[in-house]
Protein chains: 2
Amino acid sequence: MAREGARSKDSAKPGIKEVAAVAGVSPTTVSRVLNNRGYISQETRDKVHAAMKRINYTPNDIARAMLNGRLNLIGMIVPYVSSPFHAQAVQAVERTLAENGFKMLLCNSANRPDLERSYIDMLRRNMVDGVIVNSLNIGAEAYAEMGLSLVGIDCDLGETSVQIASDSYGIGELATRRLIDDGCSRILCLRNNSRMRMPANKRTDAYHDVVEQAGLPALVREVEFVKSDDEKSAVVAKILDENPDIDGIFAGDDTMAAICLNVMKRRGLSAPDDIKVVGADGARRTMTFMPDLTTVRQDIDRIGELAAQSIIALVNGEKPESNTKLPVELIEGKTA
Amino acid sequence: MAREGARSKDSAKPGIKEVAAVAGVSPTTVSRVLNNRGYISQETRDKVHAAMKRINYTPNDIARAMLNGRLNLIGMIVPYVSSPFHAQAVQAVERTLAENGFKMLLCNSANRPDLERSYIDMLRRNMVDGVIVNSLNIGAEAYAEMGLSLVGIDCDLGETSVQIASDSYGIGELATRRLIDDGCSRILCLRNNSRMRMPANKRTDAYHDVVEQAGLPALVREVEFVKSDDEKSAVVAKILDENPDIDGIFAGDDTMAAICLNVMKRRGLSAPDDIKVVGADGARRTMTFMPDLTTVRQDIDRIGELAAQSIIALVNGEKPESNTKLPVELIEGKTA
DNA sequence: CTGTTAGCGCGTTCAT
DNA sequence: ATGAACGCGCTAACAG
């Protein structure tokens with residue numbers, strides 16, 4: 001279709017063949033030098049290395065992958081990298097992958113099932129060796145069918161996959177208890193609207209259990225993760241209007257906590273005096289911007305690191321721990 | 001080396017060949033159906049499509065790339081995706097690339113020259129068609145030598161590359177003027193320690209010009225971008241100790257602004273009463289967490305979108321605008 | 001120690 | 001309208 005696909009004359013990237021020609025040996029010998037396979041005389045080795053430098057040769061991982069079926073490439077699917085949790089997780093994953101000679105294809109699904117499906121297709125076409133999923137808006141079977149190594153961060157991708165997550169129940173438990181200990185009697189729990197079986201949903205389960213044990217009424221509302229800040233604010237404002245007796249909020253995550261605090265401020269309400277607010281996640285950047293936020297922190301770096309190590313192990317045919325739950329920690333701020 | 005590289009028996013991913021066998025045609029015909037090339041009878045076309053579905057065939061972009069020399073893959077290098085500016089930029093780039101059938105290989109350089117070099121090597125080996133650079137810690141020649149399409153976000157990568165940036169001088173100008181208009185007479189300017197020729201340095205140039213025009217003394221200090229929040233805080237604390245007369249701070253970016261505000265609060269100083277603070281960047285998440293921050297906003301989404309469009313144009317042999325400067329906007333908050 | 005042959009999955013001639 | 005042969009860059013067999 002496009003004419004420019006063809007490499008111009010001799011400006012094409014040199015290959016093993018050109019190196020061989022310059023060095024006066026066969027392509028196979030060059031390959032051997034490249035991979036340190038078999039016996040090669042030091043003399044030949046030097047000639048080849050010199051030739052590679054002379055013509056500025058770079059090996060082609062793509063061609064290699066066609067032979068051995070492995071590209072050392074991992075796909076990672078998140079809803080939005082710009083969300084603090086995902087940004088930090090992606091960074092940790094990429095760093096760990098790179099340290100082990102792997103590369104990352106990044107996908108922002110925007111929590112849209114259609115995009116997620118097309119990303120799955122894209123990843124298959126590009127021979128990724130495994131996928132790390134942090135955004136599940138379709139059936140897990142869609143991933144299982146890929147026949148690839150799978151790691152879910154806060155997602156259950158099925159029997160053969162590895163799952164990495166924080167102690168989600170603990171998050172909801174710590175946050176809710178903190179509010180109750182603080183004297184709250186009408187606690188709002190905000191959760192996103194995912195219908196998928198994600199461990200994160202346990203935050204809400206814990207909330208239910210804890211308020212029930214305390215003999216308090218449950219008040220759970222959903223906020224769509226995909227909406228804009230303004231839309232989320234409107235939802236929160238409406239909830240506060242309809243429930244003027246709310247004196248505590250478990251916001252579900254720190255971004256929602258910030259939005260709640262913003263809505264409150266606009267109506268002259270402050271935390272912790274009028275309403276106490278507890279978030280969740282505690283990403284590094286979030287804490288820089290909101291050092292006073294009371295929240296439950298996840299070890300996001302560790303999550304990313306483990307996810308990367310797990311996918312590498314799976315790709316290598318090893319059997320990593322299949323269901324890791326990381327401890328969480330209540331961070332005392334000034335909003336509760 | 002590894003035995004598991006070999007595909008097991010027939011569980012291997014089906015290729016064009018298997019499809020051909022099932023459909024009872026030649027591989028060439030399957031290829032034609034796949035690419036809508038030449039004339040094919042509707043009957044054959046249907047048979048092929050049926051066969052593809054039957055054996056769950058997925059085309060191999062990698063093999064294709066070896067033929068036409070194009071993988072539609074773009075590398076993107078940032079210091080840290082977890083930084084708000086970069087997170088938002090990466091997200092915008094990826095979204096735009098995906099909409100045009102391109103994929104992104106993400107690289108976190110941590111501003112380390114050695115990592116940046118190894119990423120360059122990695123990208124070459126993986127046949128990327130172009131690179132978007134948002135982290136320049138080595139000579140631009142290292143990129144030019146790749147012989148690939150290049151787009152620099154706030155980086156000058158040389159003659160043949162495209163450069164996308166905000167009006168950096170305008171950022172420094174708006175911020176500094178805002179502080180002077182507010183009555184500040186001893187304004188601190190924080191900048192990162194990059195020695196590279198980045199447009200972002202013009203923020204400091206503008207600061208110099210504006211304070212000079214106002215007959216005020218200049219006070220510029222460097223803070224290493226790679227340091228931890230605690231280390232940055234210590235640096236800021238030291239600067240404040242040594243210059244107790246500071247009444248205004250142009251923080252360079254919003255993260256530094258947040259750190260300054262945190263240090264101030266710890267010493268009982270508040271903005272804008274004691275010291276006025278103006279940041280820069282105005283990433284979406286930052287504004288959610290710090291809605292009261294006075295800052296100069298860049299259109300980060302637009303930057304990412306333009307960067308993606310430009311690299312695609314370059315890869316396609318077109319000539320996009322080579323040096324785009326995007327307007328910036330002062331956001332009135334309550335810290336100045 | 002080194003070269004030759006074959007082929008990974010695919011698209012593109014050139015025939016038929 | 002369809003098929004056979006060749007090659008992309010590289011490596012695993014199998015000679016020598």
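Proteins get letters first, then strands, A, B, ... in listed order; numbering begins at 1 in each.
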- d(CG, Asn126(B); C1', dC10(D)) in whole Å: 14 Å
- The complete set of side chain to side chain donor-acceptor pair (under 3.5 Å) pairs with one or both residues in residues 154-164 of chain A, sequence neighbours excluded, reads Asp156(A)-Arg197(A)
- Message: Once side chain to side chain contact (heavy atoms under 4.5 Å, CB included) is applied, do any residues pair with Lys103(A), and if so which ones, sequence neighbours excluded?
- Response: Asp61(A), Leu71(A), Asn72(A), Leu73(A), Leu105(B), Met122(B), Asn126(B)
- Message: Could you tell me how far apart Asn72(B) (CG) and dC10(C) (P) are, to the nearest whole angstrom?
- Response: 17 Å
- Residues which pass side chain to side chain contact (heavy atoms under 4.5 Å, CB included) with Pro59(B), listed by chain and number, not counting sequence neighbours: Arg125(A), Tyr57(B), Arg64(B)
- Item | Residues which pass side-chain hydrogen bond (donor to acceptor under 3.5 Å, both in side chains) with Ser118(A), listed by chain and number, not counting sequence neighbours | none
- Message: I want to check one thing: is the phosphate of dG11(C), taken as OP1 and OP2, less than 4.0 Å away from some side-chain N or O of Asn35(B)?
- Response: yes
- Mind checking what makes side chain to side chain contact (heavy atoms under 4.5 Å, CB included) contact with Ala92(B), not counting sequence neighbours? Asp301(B)
- Message: Under 4.0 Å, counting only non-hydrogen atoms across every strand here, what does Val25(B) touch: a base, just sugar-phosphate, or nothing?
- Response: sugar-phosphate
- One should report the stems of DNA chain C, each a stretch of at least three consecutive Watson-Crick or G-U pairs at distances under 3.5 Å, as C:1-16 with D:1-16
- Nucleotide nearest Arg37(A) when distance is taken to its side chain, options dG11(C), dC8(C), dA12(D): dA12(D)
- Task: Grab the CG-P distance between Leu71(B) and dG9(C) for me, whole Å please.
- Result: 17 Å
- Excluding sequence neighbours, so at least two apart, what forms side-chain hydrogen bond (donor to acceptor under 3.5 Å, both in side chains) with Ser41(B)? Thr44(B)
- Item | Residues in contact with DNA chain C, drawn from residues 38-55 of chain A - heavy-atom cutoff 4.0 Å | Tyr39(A), Ile40(A), Ser41(A), Thr44(A)
Taking N or O atoms only and anything under 3.5 Å, show me the protein contacts with nucleotides 4-7 of chain C, one pair per line.
from   : atom 1 : to       : atom 2 : distance (Å)
dT4(C) : O4     : Thr28(A) : OG1    : 2.8

- Query: Which whole-number value in Å describes the distance from Arg125(A) CZ to dC10(C) P?
  - Reply: 10 Å
- Query: Once you round it to whole Å, what is the distance between C1' of dG9(C) and CE of Met127(A)?
  - Reply: 9 Å
- Phosphate contact (dC10(C) OP1 or OP2) by Asn68(B) side-chain N/O below 4.0 Å: no
- Lys17(B) NZ - dA4(D) C1' separation (whole Å): 13 Å
- Query: Side chains of Thr58(A) and Asn60(A): is there a donor and an acceptor less than 3.5 Å apart?
  - Reply: no
- Nearest whole angstrom, please: distance from the P of dG7(D) to the CE of Met66(B). 14 Å
- Hey, could you give me each pair passing side chain to side chain donor-acceptor pair (under 3.5 Å) that has a residue in residues 138-151 of chain B? Not counting sequence neighbours. Glu116(B)-Tyr143(B)
- Task: Only counting residues at least two apart or in another chain, list the ones meeting side-chain hydrogen bond (donor to acceptor under 3.5 Å, both in side chains) with Arg117(B).
- Result: none
- Between Thr29(A) and Ser26(A), a side-chain donor and acceptor under 3.5 Å: yes
- Atom pair distance, as rounded to whole Å: NZ in Lys13(A) and P in dG9(D): 10 Å
- Task: Could you tell me whether the phosphate oxygens of dG11(C), OP1 or OP2, come under 4.0 Å of any side-chain nitrogen or oxygen in Arg64(B)?
- Result: yes
- Item | Nearest to side-chain heavy atoms of Ala63(B), which nucleotide of dC10(D), dG9(C), dG11(C) | dG9(C)
- Mind checking what makes side-chain hydrogen bond (donor to acceptor under 3.5 Å, both in side chains) contact with Arg95(B), not counting sequence neighbours? Tyr119(A)
- Message: For a quick check under 3.5 Å, do Gln91(B) and Ser82(A) share a side-chain donor-acceptor pair by atom type?
- Response: yes
